[in-house]
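All remarks here apply to the structure that follows.
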Amino acid sequence: MSSYQFQRRENYWQSYWQKEKFFHFNPKAKGKIYAIDTPPPTISGRLHLGHVFSYTQAEIIAAYRRMAGFNLRYPLGFDNNGLPTEKLTEKETGLNPHQTKLKTFIKACSTVIAQYQPGYKNLFRHLGFRWAENLEYLTISPEVQKLSQATFLKLYRRGEIYRQNSPVLYCPQCQTSVAQAEVEDRERKSVFYNLTFRRQNGKELIIATTRPELLPAIVAVFVHPDDKRYRRLEGQSVTSPLGDRVKVIANAKVDPKKGSGAVMCCTYGDSTDVYWVKTYHLKENIIIANDGTINENAKIPEIIGKTISEARKILVEKLKKKGAIKGEKAISHSVGVHERCSTPIEIIPQPQWFAKILAHRQEMLRAGDKINWQPAKMQRRYQDWIKGLKWDWCISRGRFFGIPVPVYHCPHCHKIVLPDSKELPIDPRQQRRRCPYCNHWLQADGNVLDTWFTSALTPDINNRHPANGPLRGKLYPLALRPQGHDIIRTWATYSLLMGLLNHRRPPWKNIMISGHILAKKGEKISKKTGGGQYRPEDLIARYSADALRYAMTGASLGLDAYFEEKEIKQGLRLITKLYHAGKFVIFNLGGDYQPAALKFSQLEAFDQWILFQAQQTAQLMAKYLDKFRYHQALIAFEKFFWHNFCDNYLEISKERVYGPDGRGKTAAQFTLYHGYLAILKMIAPFLPHISEEMYHSFIASPEKGRLESRPGRGLFARNEKIASVHLTPWPKTNYRLAASKASGAELALAIIEKVRATKSRRQLSLSLPLSQLSIRGLNSDWQNLQPFLKDLASVTKSRQILHRSAQKFSLTIRL
RNA sequence: GGGCCCGUGGCUCAGGGGUUAGAGCACUCGGUUCACAUCCGAGAGGCCGAUGGUUCGAAUCCAUCCGGGCCCACCA
């Protein structure tokens, strides 16, 4: 009747762990340090199943490492600055940062963070995560700001960071520059307009474009050098429909098959324009202002001050009236948009800060080779990204809530003024000062750092955390970075760059890359889709955290998986089974059981067999978990626990444990104790609650068959003298099973299976007694079977087992 | 267009040159007073995406193709 009440019990153990601080990092504890560079989730709303998926996979590995004897350093941080947090704040408060006092907006952001952060932490807690609370960090904290700014200044002084007025990818909606990595492609409907230009000889030249509004920004026309149609045009001027005269230049980047084969180069329509302007030293003509409207450089009064799309409409009308549009074609093409707001990205020159990454490509590739990528294939994504980089990393953002670029500019003597490192963290926007050279009031740089700049420093944040005590600054490189494959090009790449620049080596030895969880075919559960219909909190309430965790291990590392509610149910089944198996074990050991000091050789054959299987399983799981293959480890566990232990061994042991005291019973009890304890340990990384529950369980009421679970009382905890199953060592035994015993067990199990099959086929009860079981087979097999016969008779309910010598194995059953 | 991944029973996934290809769910049949109906047993169900090739042997390696996904490029 009594069963496991996960709603209550999971919470109970979470409180216990938190109260006892079991998982706090202690730099002086035993064991080799295993430091994990956990992803700090961005506070941008709520956590979704996608987070749970990848975090759970890493948490399992972490918990296993602790049991494997490492001094685990498993932190959790929160990334609470930058655009996502600003967007959340805008939504929550209705404040528009462009029209709000900086101070007010920053304060509002802090308030919103304070509201949301506990929810994040709670979910991790309710998932049973065993992280070190004393290692927590916030990326907006003064310490991290200081680290980030100090790194900026150091790299600036070394020339690794530079400032340049350069065309950058720019989001007019968010009014900030963005990095290449934040741009995403979207298929958009558009129109290809054929514009008529005039050649010097008065003839028409058709140029096709989807961006007619950029016509006022034209700086040249390009054709392909081998294009016979335009060969004579090269070096000549042509006149745009608006009357601008520009040169025609030949360049191989032109695709003669696209449009008319002649392209207008405007500043800036795309990255090819940037390339051409740089290559041919063309003069820029910028007509888009930072807020995404057309500025006066366009020289067409009707469109000045209009947005890009408005300007396009107006200008198309105007050109049509003039007869300058010869045909249009609706097309669908992909447009680079800002991943956060889906606004098409513009290219606008701005003074920006860049970190040199192009110059370090070779080193970065070499550094990538020194890291153990799991799955190994993921390294290829990193390499491809590095090889394909075209721009240095733009690390400044014209935003508000972030770590400020620690720089002042002097409007008078034009010097750049840097704060002293003792003054960090500093916000030049809020701390005014005078120029040390000319005493004028300085201007703040006004930019904040790309959040990835700070995120890329998480290995350093962890390495320099005060809780490291004597190990502070000595943890580099860390053992493991777990992360999703979608941020290889950002987080992994930038972290590696920072590692090379600051430490001349990669920040970690291993990197495990998780896949995505998909709600159904093609639909990614993420911030963008809102997490689909499944909320982690609801699933925990309905099925338990352990069951949800179970479902999160349904696919191999790195693979995207479809979420199936059925898998959670299966997890719940496993939990129930663990509970009942534990109940059986504990009741058959008795209230004050202490395992006898038996040697392996003193056990019955089946006892030896199951303990040997447990040992093999623990080894196999360890082998898998060492390679981050949690899924394969879990499969190995289930096969052992469910099939070998429950279906076979528990049935086999019943006769002996139910029977009178004696050697057989003592051995069975010993085996139940150690077998089930090993099971609890092996499943502990995966299912933290039920394993702890059973570890602390004791007989509360022998008459009612009721178990209770409490620290200090548990049958296993009491004997093992360790306060949590999660602090126990991974099962490690050194049993040897003789070859004759191994083959005897195999044969005995085959016989059991055969008997069951026969009874089942004849539609008989499995508990039906048999008067005789006669086995034909080799004499040697019969010899091997000897030690198993007693248990074999009891589990098959056979009164008598006979043997006849024969070449071929067969079985006869007599009722 | 380039790169990568995936395509295995109805579903979600293991396996990944060598005996009759696995698991769970779902399905069928049967059993079960005493750890567990959140159980046990048995069964049915698969030309391992297609076609070629390498090999004594291919689900597994190679090539091509088809289908799905991710990333990147193109964005005139």
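Lettering of chains follows the sequences in order, A, B, ..., and the numbering in each one begins at 1. Because the structure is predicted, anything quoted here is derived from the model rather than measured. All values below come from the heavy atoms of this structure, side chains included, with hydrogens, waters and symmetry mates left out.
- Residue contacts shown for A:Cys646 include a base, since a base heavy atom lies under 4.0 Å away.
- Each of A:Leu559 and A:Arg381 was assigned the nucleotide of RNA chain B with the nearest heavy atom; the assignment lying further toward the 5' end belongs to A:Leu559.
- If you check every strand for non-hydrogen atoms under 4.0 Å, A:Phe222 touches nothing.
- With hydrogens and angles disregarded, a donor-acceptor distance shorter than 3.5 Å links the side chain of A:Asp270 to the backbone of A:Asp273.
- Within the nucleic acid shown, A:Ala581 comes within 4.0 Å of at least one base atom, counting heavy atoms only.
- Considering CG of A:Leu315 and CG of A:Leu242, their distance stands at 6.0 Å, rounded to 0.5 Å.
- Counting to the nearest Å, the P atom of B:C6 and the CZ atom of A:Arg380 are 14 Å from each other.
- Within the nucleic acid shown, A:Glu651 comes within 4.0 Å of at least one base atom, counting heavy atoms only.
- One finds the CE atom of A:Met694 at 10.5 Å from the CZ atom of A:Arg9 (value rounded to the nearest 0.5 Å).
- For RNA chain B, the stems formed by at least three consecutive Watson-Crick or G-U pairs, with both atom-pair distances below 3.5 Å, span B:1-7 with B:66-72, B:10-13 with B:22-25, B:27-31 with B:39-43, B:49-53 with B:61-65.
- Regarding A:Leu766, its CG atom lies at a distance of 16 Å from the C1' atom of B:C34, rounded to whole Å.
- Under the 6.0 Å cut-off for aromatic ring centres, A:Phe637 and A:Phe686 do not qualify, their centroids lying 6.0 Å or more apart.
- As judged by a 4.0 angstrom heavy-atom cut-off over every strand, A:Lys654 is placed among the base-contacting residues.
- Along RNA chain B, the nucleotide nearest A:Gly554 and the nucleotide nearest A:Lys759 are compared for position; the residue whose nucleotide lies closer to the 5' end is A:Gly554.
- Legend: residues meeting ring-ring contact (aromatic ring centres under 6.0 Å, His included) with A:Tyr382, ordered by chain and number and at least two apart, are A:Trp373.
- Panel note: side chain A:Tyr193, backbone A:Lys329; no donor-acceptor pair is recorded below 3.5 Å.
- Relative to the side chain of A:Asp647, the nucleotides B:U12, B:C6, B:C40 differ in distance, and B:C40 lies closest.
- For the residue pair A:Arg229 and A:Ser260, the shortest heavy atom distance occurs at NH1-O, 3.3 Å.
- Comparing B:U60 with B:G15, their C1' atoms sit 9 Å apart, to the nearest whole Å.
- A:Phe192 pairs by the ring-ring contact (aromatic ring centres under 6.0 Å, His included) definition with nothing, not counting sequence neighbours.
- Side-chain proximity of A:Gln570 to the nucleotides B:C13, B:G24, B:C29 is greatest for B:G24.
- For A:Phe563 and A:Phe53, the ring centers sit 6.0 Å or farther from each other.
- Here, B:A44 and B:C29 have their C1' atoms 10 Å apart, quoted to the whole Å.
- Among the heavy atoms of the strands lying under 4.0 Å from A:Arg756 are primed sugar atoms or P, OP1, OP2 only; no base atom is included.
- Across B:C11 and B:C27, the matching P atoms stand 15 Å from one another, rounded to whole Å.
- Here A:Tyr280 pairs with A:Phe222 under the ring-ring contact (aromatic ring centres under 6.0 Å, His included) rule; sequence neighbours left out.
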Quick test: give all pairs of protein nitrogen or oxygen and nucleotides 72-75 of chain B nitrogen or oxygen below 3.5 Å, distance rounded to 0.1 Å.
from  : atom 1 : to       : atom 2 : distance (Å)
B:C72 : OP1    : A:Arg489 : NE     : 2.6
B:C72 : OP1    : A:Arg489 : NH1    : 3.1
B:C72 : OP1    : A:Arg489 : NH2    : 3.0
B:A73 : OP1    : A:Gln180 : NE2    : 3.0
B:A73 : O3'    : A:Lys390 : NZ     : 3.4
B:C74 : OP1    : A:Ser271 : OG     : 3.1
B:C74 : OP1    : A:Lys390 : NZ     : 3.1
B:C74 : O2'    : A:Lys258 : NZ     : 3.2
B:C74 : N3     : A:Ser334 : OG     : 2.8
B:C74 : N4     : A:Asp185 : OD2    : 3.0
B:C74 : N4     : A:Ser334 : OG     : 2.4
B:C75 : OP1    : A:Thr272 : OG1    : 2.5
B:C75 : O2'    : A:His333 : ND1    : 3.0
B:C75 : O2'    : A:Ser334 : O      : 3.3
B:C75 : O2     : A:Ser334 : O      : 2.3
B:C75 : O2     : A:Val335 : N      : 3.4
B:C75 : O2     : A:Gly336 : N      : 3.4
B:C75 : N3     : A:Gly336 : N      : 3.0

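- A straight line from CG of A:Asn648 to C1' of B:C36 spans 16 Å, rounded to a whole angstrom.
- Here A:Arg573 does not reach the OP1 or OP2 of B:C36: none of its side-chain N or O atoms lies under 4.0 Å away.
- Using a 4.0 Å heavy-atom cutoff across all strands shown, A:Val585 reaches no nucleic acid atom at all.
- At a cut-off of 3.5 angstrom, the base of B:G31 holds no donor-acceptor pair with the side chain of A:Ser765.
- Ring geometry for A:Tyr593 against A:Tyr673 counts as tilted: the plane angle lies between 30° and 60°, on a 0 to 90° scale.
- For B:A26 and B:U20, the C1' atoms lie 25 Å apart once the distance is rounded to whole Å.
- Nucleotides B:A58 and B:G49, compared at atom C1', are 16 Å apart to the nearest Å.
- Distances were taken from every side-chain heavy atom of A:Ala555 (C-beta onward) to each of B:A14, B:C4, B:C39; the shortest belongs to B:A14.
- For the C1' atom pair drawn from B:C34 and B:A42, the interatomic distance equals 24 Å after rounding to whole Å.
- If you measure from atom CG of A:Leu707 to atom P of B:C36, you get 12 Å, rounded to the nearest angstrom.
- For residues 628-637 of chain A, proximity to RNA chain B is found at A:Arg629, A:His631, A:Gln632, A:Ile635, defined as any non-hydrogen atom under 4.0 angstrom from a strand atom.
- Rounded to whole Å, atom P of B:G31 lies 22 Å from atom CD1 of A:Ile752.
- Just one of A:Ile683, A:Ile679, A:Asp647 meets the side-chain contact (heavy atoms from CB on, under 4.5 Å) condition when paired with A:Phe641; it is A:Ile679.
- Note on A:Trp276: nothing from the nucleic acid sits closer than 4.0 angstrom, heavy atoms only.
- For the P atom pair drawn from B:G45 and B:C39, the interatomic distance equals 25 Å after rounding to whole Å.
- Summarising the geometry, atom CD1 belonging to A:Ile357 is positioned 7.5 Å from atom CG belonging to A:Asp392; distances are rounded to the nearest 0.5 Å.
- Across the C1' atoms, B:G17 and B:C48 are found 14 Å apart, a figure rounded to whole Å.
- Rounded to an integer number of Å, the gap from NZ of A:Lys627 to P of B:G16 is 10 Å.
- Of the side-chain N and O atoms in A:Trp642, one or more sit less than 4.0 angstrom from OP1 or OP2 of B:C40.
- Across all strands shown, A:Ser556 has heavy atoms under 4.0 Å from sugar-phosphate atoms exclusively, and none from any base.
- Contact between the side-chain N/O atoms of A:Lys577 and the OP1/OP2 oxygens of B:C40 is found at a separation under 4.0 Å.
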- Evaluation steps, side chain to side chain donor-acceptor pair (under 3.5 Å), between A:Tyr543 and A:Glu567: CA-CA 11 Å; A:Tyr543 298 106; A:Glu567 282 189 57; over 6 Å; no

